[in-house]
Amino acid sequence: MLLFREKVPADWLPKVLTNLPAVLVDHAHLERKAATSALNLEKYRDLYSRVEELNSIAIEELQHFQLVLDLLKRRGIPFGQPYPSPWIAGLMKSVRHGVRQQAIDHLICCSLIEGRSCEKFQFLAHELKTIDPELAAFYAGLVESEGNHYATYLLMARAINEAETDQRLDFYLDLDAKLIREPNPLPILH
Ligand SMILES: [Fe+2]
Ligand SMILES: [Fe+2]
C-alpha cells in the first residue's frame, strides 16, 4: 500500500535501537505535532467539509501523544526538547503558496509523514520483539492508525483535485527519496 521509492536507510534502525529513550521523547513530540497538523489543515477552505474527520485524527494523535507520555513516565524518561527533523522540514519547504495548492501539498506532506511513521513503526514492532516486548507491542498497536492517516490524507488531497495530487505526489515521492538518503545522526524517528 505504501508508495515510497526509497527504502529506509540501513543505519536508521541501529541508530534508533541504541538511542531508545531519546527516540521516545522525539516520538512524543511527533504525535503532538501530528495532532497540531490535523488541526492546521482545518484552515483551508477546501477542507472545511472535512473538519470533523480532521478533528477525529487530531484526537487520535493526542491519544497517541498521551500513550507515549505514559510510556516515558513508566520508564522514568523525562519529557524534553524536540529536535528538528531535516526530512520533515525539507518536505514542508516545498509546499506551494496559494490556498488550493497549499492544501494539496500540505496534505501530501502529512500523508508521507504518516506513511513513513507507519513503515518505521512496523520495523520497530518486529525488531523490538525479543529486545523489548512491551515497546514492540506498543509500536505494533500504532501501525494501523498511522496507515489510516496516510491513506485519509492522500484521499483528501485527491478529493480536492486528483490530477494535481498525482502530479505533486510524483514530485514529493522523489523529494522523499532524496531527503531520506541524507545522513542524519540525530536520535529521531524521521
Ligand atoms: Fe499517531
Ligand atoms: Fe497519525
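Here, residue 1 is the first one in the sequence, and each next residue gets the next number. Model, not experiment: these values are computed from the prediction. As the structure lists them, so they are numbered: ligands from 1, and atoms in each ligand from 1.
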query = Will you find, in the side chains of Thr152 and Glu53, an N or O donor that is under 3.5 Å from an N or O acceptor?
reply = no
ask   = Do Asp105 and Gln101 have side-chain atoms, one donor and one acceptor, less than 3.5 Å apart?
value = no
inquiry  = Just to verify, what does Ser85 make a side-chain contact (heavy atoms from CB on, under 4.5 Å) with, not counting sequence neighbours?
reply    =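 Expected list: Trp87, Ile88, Ile188, His190.
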ask   = Is the shortest distance from a Lys or Arg side-chain nitrogen in Asp176 or Arg181 to a carboxylate oxygen in the other one below 4.0 Å?
value =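 Looking at Arg181 together with Asp176, the answer is no, because their closest N to O distance does not fall below 4.0 Å.
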query = Which atoms of the protein, restricted to N, O or S, are nearer than 2.8 Å to the Fe ion (ligand 1)?
reply =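 Less than 2.8 Å away from the Fe ion (ligand 1) sit Glu31 OE1, Glu61 OE1, His64 ND1, Glu146 OE2.
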request  = Could you tell me if the ring centre of Tyr139 sits under 6.0 Å from that of His27?
outcome  =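 Yes - the distance between ring centres of Tyr139 and His27 falls below the 6.0 Å cut-off.
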inquiry  = Suppose we call two aromatic rings close when their centres sit under 6.0 Å apart. Are Phe79 and His29 close by that rule?
reply    = yes
